[in-house]
Amino acid sequence: MDNFNFNINEKHLLEGDDVKQMNCPKNTVHFSAGMPDTIVLHYTAGRNGRSSAEYLCKDNVKASAHLVVDRDGKVFQLVPFDTVAWHAGKSRWKDRTGLNNYSIGIEIDNAGVLTKSGTAYTSWFGKKFAADEVMEAVHRNESKARYWHLFTEKQIEALEALCDLLIDRYPAIKEILGHEEISPGRKLDPGPAFPLDKLRQRIINDRDEEGAPLNNPPGVVNVPFLNIRQLPDVKAERVAEPLPQGTNLIIYEEHDGWFRVKAEIEGWVAGQYVDLDSDN
């Protein structure tokens, strides 16, 4: 892994050899006390990282982000981390709307959805990509496969380093979300080509396990079969086959009667169907 030597200074600006500060004076409102507590990841669907950063800095563009990560791992900072950026738009997560007010937005240079013609794969802006730059996959919010531009290893490594640093600097951050999760049906980014769940597992969940485990006791499924879902909602997509009775669970979090649990996989289950083992 490349050693990205990032640091955040007292002015909430990112420092490092691979960092370029941009001029984006349109964002002036500071986060309220205790914020930000979330990181939201996006793809740019643009031609390259610099052009996307320059576009988002324009005064007449009603969008911005804190960071843009280029394909070589270089990072452009547009907005200080103590200031609200306009990246989430109409959005909801759990009981909150308007995620701009709670989150740091990171844009990742990527063309997004591609269309296939012969052996070529083409972006919306006309750039063509070879087969080794593309994957075919089903988006988490869709049912049919499409073609997606791959992210680079350097981007993913830079993202991991940035998220680790942001959580260390702003310890209220407890979640890393995709734009597709806070604006389902409206947004597709960062899409299935980005390993969002794996990154979230390494950075958020592994911290819970290794650093500060939650105080909830272990649990056991107490019904014949229990659905495990992507979100704490009966309408949310199932992440695996139902868990059979007697399945042992590690419980990380509770939300409105739901438990975020880990068995062989991780997801949300209805809490009334789990017996808590208070002896352990």
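Scope of the values below: all heavy atoms of this structure, side chains included, with no hydrogens, waters or symmetry mates.
Tyr43 and Trp148 have tilted rings, their planes meeting at an angle from 30° to 60° on a 0 to 90° scale.
Checking side-chain atoms of Ser91 against main-chain N and O of Leu99 turns up a donor-acceptor pair under 3.5 Å. For Ser183 (side chain) and Lys90 (main-chain N/O), a donor-acceptor pair under 3.5 Å exists by modelled atom type. Put simply, the side chain of Asp189 never gets that close to the backbone of Gly191: no donor and acceptor are under 3.5 Å apart.
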task: May I have the step-by-step check of side chain to side chain contact (heavy atoms under 4.5 Å, CB included) for Glu107 and Leu56, ending in yes or no?
output: CA-CA 10 Å; Glu107 295 273 357; Leu56 291 170; 4.1 Å; yes
Stepwise side chain to side chain contact (heavy atoms under 4.5 Å, CB included) test for Phe225 and Gln245: CA-CA 6 Å; Phe225 293 99; Gln245 189 167 17; over 6 Å; no
field: Steps toward side chain to side chain contact (heavy atoms under 4.5 Å, CB included) verdict (Ile104, Leu166)
entry: CA-CA 9 Å; Ile104 289 172; Leu166 287 167; 3.7 Å; yes
task: Would you sort out whether Val40 and Trp93 count as a side chain to side chain contact (heavy atoms under 4.5 Å, CB included), showing the intermediate values?
output: CA-CA 11 Å; Val40 177; Trp93 183 252; over 6 Å; no
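The pair Arg47-Asp109 does not count as a salt bridge, with every side-chain nitrogen at least 4.0 angstrom from each carboxylate oxygen. For the pair Glu54 and Lys58, the salt-bridge criterion is not met [side-chain N within less than 4.0 Å of a carboxylate O]. Using a 4.0 Å cut-off between a side-chain N of Lys or Arg and a carboxylate O of Asp or Glu, Glu237 and Arg229 do not qualify as a salt bridge. A salt bridge links Arg202 with Glu160: at least one charged nitrogen is closer than 4.0 Å to a carboxylate oxygen. Between Glu175 and Arg200 there is no salt bridge, since none of the side-chain N atoms of the basic residue sits less than 4.0 Å from a carboxylate O of the acidic one.
Checking each of His87, His66, Lys26 against Val79 for a side chain to side chain contact (heavy atoms under 4.5 Å, CB included) leaves exactly one that passes, namely His66.
In this structure, Arg169 fails the cation-pi test against Phe81, since its NZ or CZ atom is not both closer than 6.0 Å to the six-membered ring centre and inside 45 degrees of the ring normal.
We find the CD-CD1 distance between Gln201 and Ile176 to be 11.0 Å, quoted to the nearest 0.5 Å. For the atom pair SG (Cys57) and CG (Asn23), the distance works out to 7.0 Å, reported to the nearest 0.5 Å. Distance check, rounded to the nearest 0.5 Å: CZ of Arg71 to CD of Gln155 gives 5.0 Å. Separation of atoms CG (Asp70) and CD1 (Ile108) is listed at 11.5 Å; rounding is to 0.5 Å. Note that the CD atom of Gln77 and the CD atom of Glu15 stand 9.5 Å from one another [nearest 0.5 Å]. We find the CG-CG distance between Leu14 and Leu162 to be 6.0 Å, quoted to the nearest 0.5 Å.
In summary, the side chains of Asn27 and Thr83 do not present any donor paired with an acceptor at a separation below 3.5 Å, with no hydrogens or angles considered. A side-chain donor-acceptor contact under 3.5 Å links Glu180 and His139.
Criterion: ILVMFWY side-chain heavy atoms under 4.5 Å apart, direct or through other members. Under it, Trp86 and Met22 are not part of a common hydrophobic cluster. Under the 4.5 Å side-chain heavy-atom criterion for ILVMFWY residues, no single connected hydrophobic cluster contains both Ile106 and Tyr55. Clustering ILVMFWY residues whenever any of their side-chain heavy atoms sit less than 4.5 angstrom apart, transitively, puts Ile173 in the very cluster that holds Leu67.
Of all non-hydrogen atoms in Pro242 and Asn227, the two that sit nearest each other are CG-OD1, 3.4 Å.
Between Tyr121 and Phe129, the ring center distance fails the sub-6.0 Å criterion.
Annotation for Lys94: atom NZ counts as buried by contact number, over 12 foreign heavy atoms lying within 6.0 Å.
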Review item, side-chain donor-acceptor pairs of residues 111-118, under 3.5 Å, at least two apart:
| from | atom 1 | to | atom 2 | distance (Å) |
| --- | --- | --- | --- | --- |
| Thr115 | OG1 | Thr122 | O | 3.4 |

